[in-house]
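It should be emphasised that the depicted structure is a prediction, and the values quoted were computed from it without experimental measurement. Just so it is clear: chains get the letters A, B, ... in the order the sequence lines come, proteins before strands, and each one is counted from 1.
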Protein chains: 2
Amino acid sequence: MHIGEFAKRSGISERMLRYYESRGVLTPRRSDAGYRQYSEADLQQATLVRQLNEAGLKLDSVALLLPCLVDDAPHFDPCDRVRATLANELSALDQKLDALQQSRARLARLVDQVKNAV
Amino acid sequence: MHIGEFAKRSGISERMLRYYESRGVLTPRRSDAGYRQYSEADLQQATLVRQLNEAGLKLDSVALLLPCLVDDAPHFDPCDRVRATLANELSALDQKLDALQQSRARLARLVDQVKNAV
DNA sequence: ATTGACCTTAACAGCACTGTCAGGCCGCAG
DNA sequence: CTGCGGCCTGACAGTGCTGTTAAGGTCAAT
């Protein structure tokens, strides 16, 4: 499918799809005329990319991890190469998770206070 | 204390402290000469701001919430005013938390695979 | 062949954040 | 009073992401 339909189905703007491609995290085939041709597999990958990105991973990191995540039987050559990166991302993720949970708790408590005060 | 010492003690760069001030999330007193004079209370507040910000809240949102978080006995007038904002931030936070946890699990699983493959 | 919807790239623009640097003021030590 | 270190503001830079717009090619249908 072309980018317009794909954007609707994935919920990702055309702008961001092109950006994803420029960052090497989603590279659809091209028609003879140069039109991007997205597949069903691209749909899953796009969603995965979006989720990882929204979770705080930069697209560069996503690009590194992607080869390890797409295959059902992962090949570890590239994974091994980026293991350090991976570990860093993971601990950064944990840290962010902690901060996020603390903030969440704080805000939730605040919401409760507001509600009870009414 | 002046900004240099405060930066060291808080672990926040002078640049970011000035930025915080420009965004209205940390407003130290000024000496006659215009020097920023940070207090111990500012230290707590700066840490709070940093935590909330690192957790994904924009400084605008932090600025809105701050009046509700600083006092021991919160006054609800401003809180009431920003309750909708608060709720939105909270659900956004939950969403982010979910994404983050999913990513974390995915990455952790990946790390395990890599480790076991060696 | 023309039209209109859809696609292409390239560029400008903006936000949020962060570093750095320049030009200048302040304040204390010598 | 001179110097030096610290502070001030303002501006430029750069990254990551995102929207918008301009100029132009493609395609299906009329």
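- Position along DNA chain D of the nearest nucleotide to A/Tyr19 versus B/Glu14 favours B/Glu14 as the more 5'-ward residue.
- Using a 4.0 Å heavy-atom criterion, one finds that A/Arg36 contacts the sugar-phosphate atoms exclusively.
- Using a 4.0 Å cut-off between charged nitrogen and carboxylate oxygen, A/Arg9 and A/Glu40 count as a salt-bridge pair.
- Taking only side-chain atoms of A/Arg18, from C-beta outward, the nucleotide of C/dT8, D/dC17, D/dC8 with the closest atom is C/dT8.
- For A/Ser13, the side-chain atoms get nearest to D/dG19 when compared with the rest of D/dC17, D/dG19, C/dA16.
- Protein atom NE2 of A/His2 is 8 Å distant from nucleotide atom P of C/dT8, rounded to whole Å.
- Donor-acceptor pairing under 3.5 Å, judged by distance alone, is present between the side chain of B/Tyr35 and the base of D/dG6.
- Counting only distance, with no hydrogens or angles, the side chain of B/Ser61 and the backbone of B/Leu57 share no donor-acceptor pair below 3.5 Å.
- Set against D/dC8, C/dG19, D/dC17, the side chain of A/Lys58 has D/dC17 as its closest nucleotide.
- A salt bridge links B/Glu21 to B/Arg30: at least one charged side-chain nitrogen sits closer than 4.0 Å to a carboxylate oxygen.
- Side-chain proximity of B/Leu59 to the nucleotides D/dT18, C/dC17, D/dC8 is greatest for C/dC17.
- For the residue pair A/Arg23 and A/Tyr19, a side-chain donor N or O sits within less than 3.5 Å of a side-chain acceptor on the partner.
- Nearest to the side chain of B/Met16, among C/dT9, C/dC7, C/dG19, sits C/dG19.
- Atom CG of B/Asp32 and atom P of C/dC26 are 11 Å apart (whole Å).
- For the pair A/Glu54 CD and D/dG16 C1', the computed distance is 14 Å after rounding to whole Å.
- Here the P atom of nucleotide D/dG16 and the CG atom of A/Leu52 are 17 Å apart, to the nearest Å.
- Residue A/Met1 contributes atom CE, which lies 16 Å from atom C1' of C/dC7 at whole-angstrom precision.
- As judged by a 4.0 angstrom heavy-atom cut-off over every strand, B/Ser31 is placed among residues making no nucleic acid contact.
- In this entry the distance linking CD of B/Gln37 with P of C/dG27 reads 10 Å, nearest Å.
- For the pair B/Leu17 CG and D/dG6 P, the interatomic distance rounds to 16 Å; values are reported in whole Å.
- Residue A/Arg15 has no polar side-chain atom (N or O) positioned under 4.0 Å from OP1 or OP2 of C/dG14.
- At D/dC17, one or more side-chain N or O atoms of A/Arg23 fall inside 4.0 Å of OP1 or OP2 (strictly under the cut-off).
- Aromatic ring pairs are classed by plane angle as parallel below 30°, tilted from 30° to 60° and perpendicular above 60°; the pair A/Phe6 and A/Tyr38 is parallel.
- When rounded to the nearest whole Å, the span between CZ of B/Phe6 and P of D/dC8 equals 12 Å.
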